[in-house]
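First up is the structure itself, then whatever we jot down about it.
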Number of protein chains: 2
Amino acid sequence: MSPARGGNGNGGRAKRPTMVDVAREAGVALRTVSRVVNNDPTVGPEYVAKVQAAIRALHFRPDERARQLRTGIAGTIGAAVRRIAEVNPALAAIEQTARAAGLTLLAASTDFDESRERDTLVSMCRQRLDGIIVEPFGESHGYLEPELDAGMPVVAMDRPMSALSVDCVMSDNAAGIGMAFHHLHQHGHRRIAYIGDSERVFSGRERAAAFRAALIAHGQPVSGLVHPGDIAAERVAAALDTALDAADPATALVTGNMDTTIAVLRQLGPQAASRLAIVAFDDVPLADLLQPALTVIAQDTTQIGHTAVELLRARIADPSRPVQTVIVPVSLTVRGSGEVPASAATTA
Amino acid sequence: MSPARGGNGNGGRAKRPTMVDVAREAGVALRTVSRVVNNDPTVGPEYVAKVQAAIRALHFRPDERARQLRTGIAGTIGAAVRRIAEVNPALAAIEQTARAAGLTLLAASTDFDESRERDTLVSMCRQRLDGIIVEPFGESHGYLEPELDAGMPVVAMDRPMSALSVDCVMSDNAAGIGMAFHHLHQHGHRRIAYIGDSERVFSGRERAAAFRAALIAHGQPVSGLVHPGDIAAERVAAALDTALDAADPATALVTGNMDTTIAVLRQLGPQAASRLAIVAFDDVPLADLLQPALTVIAQDTTQIGHTAVELLRARIADPSRPVQTVIVPVSLTVRGSGEVPASAATTA
DNA sequence: CTGAAAGCGCTAACAC
DNA sequence: GTGTTAGCGCTTTCAG
């Protein structure tokens with residue numbers, strides 16, 4: 001079409017037509033244009049035609065910002081997650097559910113950085129989004145207090161929001177860890193270790209606690225078997241050594257989140273299966289292609305994302321409704337790594 | 001803090017303070033508040049203090065929408081990619097580069113759906129974003145013509161934009177396929193097949209063409225060895241059968257994109273390495289943990305994302321600059337699957 | 001069913 | 001230095 005847009009002559013941004021321009025072009029009142037744009041049925045068909053013709057002729061596009069400023073509603077919700085651009089089925093579900101509800105989604109990464117999280121959330125508040133879904137990362141969200149008081153709807157995902165009473169949706173961490181432990185126990189393992197995320201994080205805390213409880217319930221000593229901590233490869237490797245090099249080494253392992261799982265697999269190398277049985281919390285991409293394929297406790301991420309949006313929509317609709325926490329069940333996906341019998345595991 | 005936010009009594013959203021309220025509270029003029037909020041240095045320190053006190057007292061947050069409407073600049077760019085919430089290092093780089101430039105990123109999925117792509121892009125235009133980065137999916141983007149004419153900056157990523165002259169950044173597809181072929185040829189393979197994305201997609205077209213060229217350059221017949229098509233598992237399985245069950249079966253395979261690669265690996269199962277050598281276009285998450293680890297042609301996704309933002313910023317700054325296409329080099333990452341010698345490959 | 005006028009919350013000319 | 005005023009592009013009372 002227009003071949004040399006690069007040099008369009010005027011050397012700058014062309015002025016965009018507004019509703020006033022459309023009204024003049026169509027020979028109608030501004031109000032009529034507004035009605036046509038918003039599909040108001042109370043406009044005469046011939047007027048509709050005239051206005052639409054003018055809209056097309058001028059390539060008019062309504063300015064969403066002005067509309068939002070006037071109506072006060074954004075039609076957009078924010079999602080502050082740890083990482084966009086990473087596999088995140090919950091985020092995918094959020095986007096899909098939001099779209100189905102006619103909402104635009106503004107997704108941003110908090111990137112495991114507390115100040116980034118703060119910047120992101122404050123920015124979303126300044127943009128007057130209709131609501132925010134957040135995977136909380138930091139431990140102090142006091143700065144959101146006035147926003148909540150001002151009526152900004154917020155839903156926490158995966159973790160509750162520190163000290164703030166907001167709606168929350170998360171997995172049943174304790175049940176998942178219990179299932180993992182039980183599964184390994186049923187396959188004959190009596191020395192089962194846990195390596196997971198830091199207990200400074202809520203989910204890390206819940207999962208480690210659940211694992212300790214499982215050990216105690218089965219009459220096993222806790223010492224040397226529970227290793228929460230940061231997700232750095234070195235820390236995970238050290239924890240693995242402790243678990244496997246003990247006098248009475250672990251024959252099975254529960255990993256507490258995806259990062260830990262991947263670090264463990266990298267550390268164990270190709271011979272993982274010959275050394276111990278593994279059940280991982282969180283499904284991992286391509287887990288079915290590993291050897292052995294990875295047995296996991298899978299979160300119902302679709303349900304989590306969907307619920308997050310629905311909780312948010314409910315709060316937008318009724319800001320005074322009681323705060324609600326939804327716990328989503330997890331499930332065991334058997335693929336091989338968790339079914340290695342205790343007898344097959346060799347000492348290090 | 002406030003314990004029962006769920007029932008805050010007024011049963012609805014509290015009215016937020018505006019600059020007028022802050023001005024009244026501080027006993028200054030509206031203009032002064034605006035200046036303080038925008039860090040204008042020409043305000044007396046005592047006024048600054050008074051205004052900031054009022055801002056804190058009222059929990060005032062400026063309304064970004066009004067600011068945008070007035071100034072005409074959004075401070076936000078859009079990224080319409082196939083999938084947020086999937087591994088996409090280019091998107092991660094876009095977010096990071098945008099943030100470093102003080103730009104907010106609005107990311108949305110086009111979800112392999114042409115009408116969704118259109119909705120997304122039109123929505124971004126209506127929001128008057130400062131610019132848009134798009135991984136084009138559909139083949140007809142004529143509806144963007146008026147936007148471009150109106151000065152909306154657009155940059156295409158991974159693929160050029162059908163018939164529209166916009167800036168573009170993409171990988172050197174031909175070189176990558178050439179490298180893959182050459183690598184396998186050097187390891188003794190003389191029957192090398194290609195399974196890739198549909199030729200309806202630009203990159204699929206380029207890669208298939210490059211592969212045909214490589215075959216011809218090495219004096220091999222093209223017939224039965226080049227299989228572009230959709231990425232469904234069945235189609236890939238059929239292509240694989242054709243390549244491996246021929247009278248003179250392929251001993252090596254080049255896969256054309258990540259989806260094809262994963263489909264092929266799933267189809268081949270654990271014994272992939274004993275059947276043929278594989279070099280994959282596009283790196284795959286956990287490729288290093290597969291057995292054998294996957295040899296890939298890796299795109300410089302970080303560079304692509306970074307360049308996309310820089311191209312966009314350059315166009316925002318100077319809408320009349322010449323349209324530019326940047327080709328980013330790819331590299332070979334050797335991990336094992338591509339180094340299986342031809343002699344080791346068995347017939348099906 | 002349509003038209004004139006006010007105003008969403010902010011910034012940017014101007015005068016003081 | 002600070003205060004007043006107009007207006008970004010749209011929606012929405014109110015009269016006609």
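All values derive from a computational prediction rather than experimental measurement. Note on naming: letters A, B, ... go to the chains in the order of the sequence lines (proteins, then strands), and numbering restarts at 1 for each one.
When all heavy atoms of B/Thr301 and B/Ala93 are compared, the pair lying nearest together is O-CB, 4.2 Å.
Distance CE (B/Met19) to C1' (C/dC8): 14 Å, rounded to an integer number of Å. To the nearest angstrom, P of C/dA15 lies 19 Å from CG of B/Leu30. Between the P atom of C/dG9 and the CG atom of B/Asn38 lies a distance of 17 Å, rounded to the nearest Å. One atom, CZ of A/Arg24, and another, C1' of C/dA4, lie 16 Å apart when rounded to the nearest Å. Rounded to whole angstrom, the span from the CZ atom of B/Arg35 across to the P atom of C/dA12 amounts to 10 Å. Rounded to an integer number of Å, the gap from B/Gln68 CD to C/dT11 P is 11 Å.
Taking every nucleotide of DNA chain D with any atom under 4.0 Å from a non-hydrogen atom of chain B, the first and last of them, 5' to 3', are D/dG1 to D/dG9.
Between the CZ atom of B/Arg126 and the CG atom of B/Leu121 there is a distance of 13.5 Å, given to the nearest 0.5 Å. Separation of atoms SG (A/Cys125) and CD (B/Glu64) is listed at 12.0 Å; rounding is to 0.5 Å. The distance from atom CZ of A/Arg67 to atom CD1 of A/Ile73, rounded to the nearest 0.5 Å, is 7.0 Å.
The residue A/Val43 sits close only to the backbone: its heavy atoms come under 4.0 Å of sugar-phosphate atoms, none of a base. Within the 4.0 angstrom heavy-atom criterion, base atoms lie near A/Arg31. Residue B/Val20 is classed as having no contact, given no heavy-atom separation below 4.0 Å to the nucleic acid.
Within the structure, a side-chain polar atom (N or O) of B/Ser34 is placed less than 4.0 Å from OP1 or OP2 of C/dT11.
Looking at A/Arg116 and A/Asp119, no side-chain N of the basic residue comes within less than 4.0 Å of a carboxylate O on the acidic one, giving no salt bridge. Between B/Arg99 and A/Asp111 a salt bridge is recorded (basic side-chain N to carboxylate O distance below 4.0 Å).
For A/Leu69, counting side-chain heavy atoms from C-beta on, the closest listed nucleotide (C/dC10, C/dC8, C/dT11) is C/dC8.
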Decide salt bridge (charged side-chain N to carboxylate O under 4.0 Å, His left out) for B/Glu147 and A/Arg16; before the verdict, give the C-alpha distance in whole Å, the side-chain angles of both, and the deciding distance to 0.1 Å. CA-CA 9 Å; B/Glu147 303 297 339; A/Arg16 302 192 68 118; 2.7 Å; yes
Walk me through whether B/Glu117 and B/His141 qualify under side-chain hydrogen bond (donor to acceptor under 3.5 Å, both in side chains). CA-CA 10 Å; B/Glu117 177 185 43; B/His141 297 99; 3.2 Å; yes
Under the criterion salt bridge (charged side-chain N to carboxylate O under 4.0 Å, His left out), I'd like the reasoning laid out for B/Asp158 against B/Arg82: C-alpha separation, chi angles, the key distance, then a yes or no. CA-CA 11 Å; B/Asp158 283 2; B/Arg82 277 162 307 199; 3.6 Å; yes
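A heavy atom lying under 4.0 Å from DNA chain D marks none of the residues of residues 49-65 of chain B.
When each of B/Tyr47 and B/Arg128 is assigned the nucleotide of DNA chain D bearing its nearest heavy atom, the one mapping closer to the 5' terminus is B/Tyr47.
If you check distances only, the side chain of B/Arg70 never reaches the base of C/dG9 with a donor-acceptor pair under 3.5 Å.
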